[in-house]
Amino acid sequence: MEYVGFSVLWWVAVFMSTLGLERNAVGGMVPGRIKINKLCKFCDVQTSSCNGFGTCQVNCSITSICEKSDEVCVAIWRKNEDNNTIETMCHSPADPLYGMFLKDYNSSTCEMKEQKTENGQLFICSCDEEECNENLLFPHSATDREVVLVILISLLPLLILAMVVIASFYWYRIYRRRKLSEWETKKPLKRKGPLDCSDACAIMDDDRSDSSSTHANSLNHNTEPLPIELDMQVGKGRFAEVYRAKLRQSSSQQFETVAVKIFPCEEYASWKNEKDVFSDIDLKHENVLHFLTAEERKVERQFWLITAYHPRGNLQDYLTRHLISWEDLRRLGASLAWGIAHLHSDRTPCGRPKVPIVHRDIKSSNILVKNDLTCCLCDFGLALRLDNSLSVDDLANSGQVGTARYMAPEVLESRINLENIESFKQTDVYSMALVLWEITSRCNAIGVCPKLAWGAALAGTA
């Protein structure tokens with residue numbers, strides 16, 4: 001009976017210890033620290049389909065509670081000549097295992113580490129969570145690293161070339177902007193917005209008071225032809241060819257570069273119409289091509305228009321060769337709108353009455369780009385002066401003219417309202433909108449568009 005009682009007391013003590021209860025000095029029970037042994041996969045050496053890459057399952061059907069509380073879960077993968085094997089167990093990190101000590105056993109996952117052995121390739125892992133030795137995580141193989149290295153080496157020349165191209169393009173843009181900034185510093189723009197009345201009148205008065213050939217806005221029919229030397233052809237249209245030329249100053253041997261538009265004798269009507277439009281002093285505007293004079297070259301049987309020369313060429317060619325920024329977009333678009341608004345207006349900036357003009361052939365090739373990246377309108381061969389004396393029949397006989405790609409639908413369908421001259425202005429605005437779309441399509445800016453300062457100018461052309 002004493003032995004039975006002792007056995008019962010022993011088992012009770014074991015049970016209390018398992019529950020974490022200890023006896024205090026006065027016979028009471030106090031809670032103690034609970035330490036539960038690990039639960040691990042526990043299979044002897046068995047064959048496995050795991051090839052030692054990526055993640056593998058041990059496929060062990062036996063789960064066991066470790067004998068000691070400090071034991072952790074262990075998995076060993078071996079590669080033999082015939083097959084691969086996996087062994088799972090519990091083991092104490094303090095004791096050697098196959099002549100090795102466990103490392104990184106406090107991990108929650110079983111990450112395989114390669115060990116050097118005489119019996120072939122071996123990977124071992126240890127972890128400190130329940131059944132954590134069921135999933136084995138193998139490192140990337142040397143073969144994978146070699147493949148990645150080969151790919152990187154193969155792509156390296158292309159990456160270097162791409163970086164050089166990007167750096168060169170970026171340097172070119174910075175260089176171009178810096179040159180443009182230096183030029184603007186030396187020759188600042190006269191204005192950022194439309195001219196006020198006093199500025200515009202001052203410019204017009206200066207033009208009328210200057211008698212030199214390069215600033216005259218009068219015709220030159222009754223005098224000798226100007227001393228002009230044609231240099232090279234820079235453009236060609238339906239009715240005329242445009243040349244860069246040198247105009248010798250009357251007081252010196254210096255030359256001024258001008259543009260000469262040469263009409264053959266068959267295109268006299270186009271030359272006369274453009275000459276009549278240019279001869280209006282109220283047409284003077286910084287966003288309209290500056291007209292110098294017109295000449296009849298009877299010997300050559302040609303008719304000439306002599307204007308200012310802009311080396312950047314027309315807007316179509318400029319957009320083909322360049323990408324533009326938001327600031328360039330603002331300059332080009334706003335100056336185009338200002339020029340068309342001036343054509344359509346019945347008042348000069350000074351308030352003096354003016355005959356409105358519709359261009360009727362607005363397109364990117366009929367717009368020149370000045371050195372300050374603003375636009376000026378040119379080619380007024382199809383322009384129409386909206387004089388109050390024009391009748392509906394006169395407007396109807398003016399013809400369906402323009403370039404089909406830029407024509408408004410009412411012009412293409414011959415539905416324009418001849419009783420309202422504003423209808424003709426609206427066709428110019430439609431063509432201008434297509435040109436603005438061309439300009440915008442060549443803008444390379446990324447992000448939110450800043451507020452453009454030419455919204456009011458656009459509204460003024462409607």
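The first residue of the sequence shown is numbered 1, and numbering continues consecutively from there. This structure is a prediction, so every number in the text was calculated from the model and none was measured.
You'll find the side chain of Leu97 reaches within 4.5 Å of the side chain of Ile124, heavy atoms only. Side-chain contact between Thr55 and Phe138: absent, with no pair of heavy atoms (C-beta onward) separated by less than 4.5 Å.
Between Asp104 and Lys113, at least one side-chain N (NZ, or NE/NH1/NH2) sits under 4.0 Å from a carboxylate O, which counts as a salt bridge. A salt bridge links Lys261 to Asp379: at least one charged side-chain nitrogen sits closer than 4.0 Å to a carboxylate oxygen. Between Asp428 and Arg360 no salt bridge is recorded (no basic side-chain N to carboxylate O distance below 4.0 Å). With respect to Lys68 and Glu71, no salt bridge is recorded, no charged nitrogen being found less than 4.0 Å from a carboxylate O.
Side-chain contact, Asn314 with Asp317: a donor N or O sits under 3.5 Å from an acceptor N or O. Side-chain contact annotation: Tyr243 with Glu241, donor-acceptor N/O pair under 3.5 Å present. Counting only N and O atoms by type, the side chains of Glu438 and Ser364 include a donor and acceptor under 3.5 Å apart. Looking only at atom types and distance, the side chain of Thr403 has a donor-acceptor partner in the side chain of Asp361 under 3.5 Å away.
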* **Stepwise side-chain contact (heavy atoms from CB on, under 4.5 Å) test for Thr47 and Asn84** => CA-CA 6 Å; Thr47 58; Asn84 301 328; over 6 Å; no

* To do: Check the pair Glu134 / Gln57 against side-chain contact (heavy atoms from CB on, under 4.5 Å), numbers first and verdict last.
  => CA-CA 6 Å; Glu134 181 178 9; Gln57 298 284 334; 3.8 Å; yes

* To do: Using the side-chain contact (heavy atoms from CB on, under 4.5 Å) rule, take Leu122 and Met100 through it: C-alpha gap first, then chi angles, then the decisive distance, then the call.
  => CA-CA 12 Å; Leu122 179 147; Met100 302 174 291; 4.2 Å; yes

* Asked: Taking it one step at a time, do Cys132 and Cys127 satisfy disulfide bond (SG atoms under 2.5 Å apart)?
  -> CA-CA 6 Å; Cys132 58; Cys127 51; 1.9 Å; yes

* Take Lys38 and Glu131 through the salt bridge (Lys or Arg N to Asp or Glu O under 4.0 Å) test and state the conclusion after the steps. => CA-CA 8 Å; Lys38 299 292 182 299; Glu131 297 184 347; over 6 Å; no

* Output, in order, the C-alpha distance, side-chain angles, deciding distance and verdict of side-chain contact (heavy atoms from CB on, under 4.5 Å) for Ile357 and Leu384. => CA-CA 6 Å; Ile357 299 173; Leu384 178 65; over 6 Å; no

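More than 12 heavy atoms of other residues, nucleotides or ligands sit less than 6.0 Å from atom NZ of Lys354. For Asp44, the CG atom counts as loosely surrounded, since its 6.0 Å shell holds 12 or fewer non-hydrogen atoms of other residues, nucleotides or ligands. For Leu155, the CG atom counts as densely surrounded, since its 6.0 Å shell holds more than 12 non-hydrogen atoms of other residues, nucleotides or ligands.
Using a distance-only test at 3.5 Å, with no hydrogens or angles considered, no donor-acceptor pair links the side chain of Asp128 to the main chain of Tyr105. Panel note: side chain Ser431, backbone Thr427; a donor-acceptor pair is recorded below 3.5 Å. Ser345 places no side-chain N or O within 3.5 Å of a backbone atom of Ala341 that could act as its donor or acceptor partner. Panel note: side chain Asn133, backbone Lys41; a donor-acceptor pair is recorded below 3.5 Å. Side-chain atoms of Thr374 do not come within 3.5 Å of backbone N or O of Lys370 as any donor-acceptor pair. Put simply, the side chain of Arg331 never gets that close to the backbone of Leu373: no donor and acceptor are under 3.5 Å apart. Checked by atom type and distance alone, the side chain of Thr109 never pairs as donor or acceptor with a backbone atom of Glu111 at under 3.5 Å. No donor-acceptor pair closer than 3.5 Å links the side chain of Trp77 to the backbone N or O of Glu87. Counting only distance, with no hydrogens or angles, the side chain of Thr85 and the backbone of Gln46 share no donor-acceptor pair below 3.5 Å.
Both the sub-6.0 Å distance and the 45° axial angle are not jointly satisfied by Arg244 relative to the ring of Phe255.
Here disulfide bond (SG atoms under 2.5 Å apart) pairs that include residues 82-112, with residues two or more places apart or in two chains, are Cys66-Cys90, Cys110-Cys125.
Closest of all the heavy-atom pairs between Lys425 and Leu386 is CE-CD1, 4.1 Å. Annotation for Phe123 and Met112: closest pair O-CE, 3.3 Å, computed over non-hydrogen atoms. Scanning all heavy atoms of the two residues, the minimum distance from Ile76 to Met89 falls at CD1-CE, 4.1 Å. Between Val277 and Ala383 the shortest heavy-atom distance is CG2-CB, 4.1 Å. The nearest pair of heavy atoms linking Leu102 to His91 is CD1-CD2, 4.0 Å.
In this pair, His285 and His342 present their aromatic rings parallel. The plane angle is below 30°, not in the 30 to 60° band. Between Phe291 and Phe278, the two ring planes are parallel [angle under 30°; tilted spans 30° to 60°].
Ring centers of Phe239 and Phe263: at least 6.0 Å apart, outside the cut-off.
Here the options are Leu289, Leu368, Ile367, the test is side chain to side chain contact (heavy atoms under 4.5 Å, CB included), and the partner is Leu377; only Ile367 passes.
Glu67 pairs by the salt bridge (charged side-chain N to carboxylate O under 4.0 Å, His left out) definition with nothing, not counting sequence neighbours.
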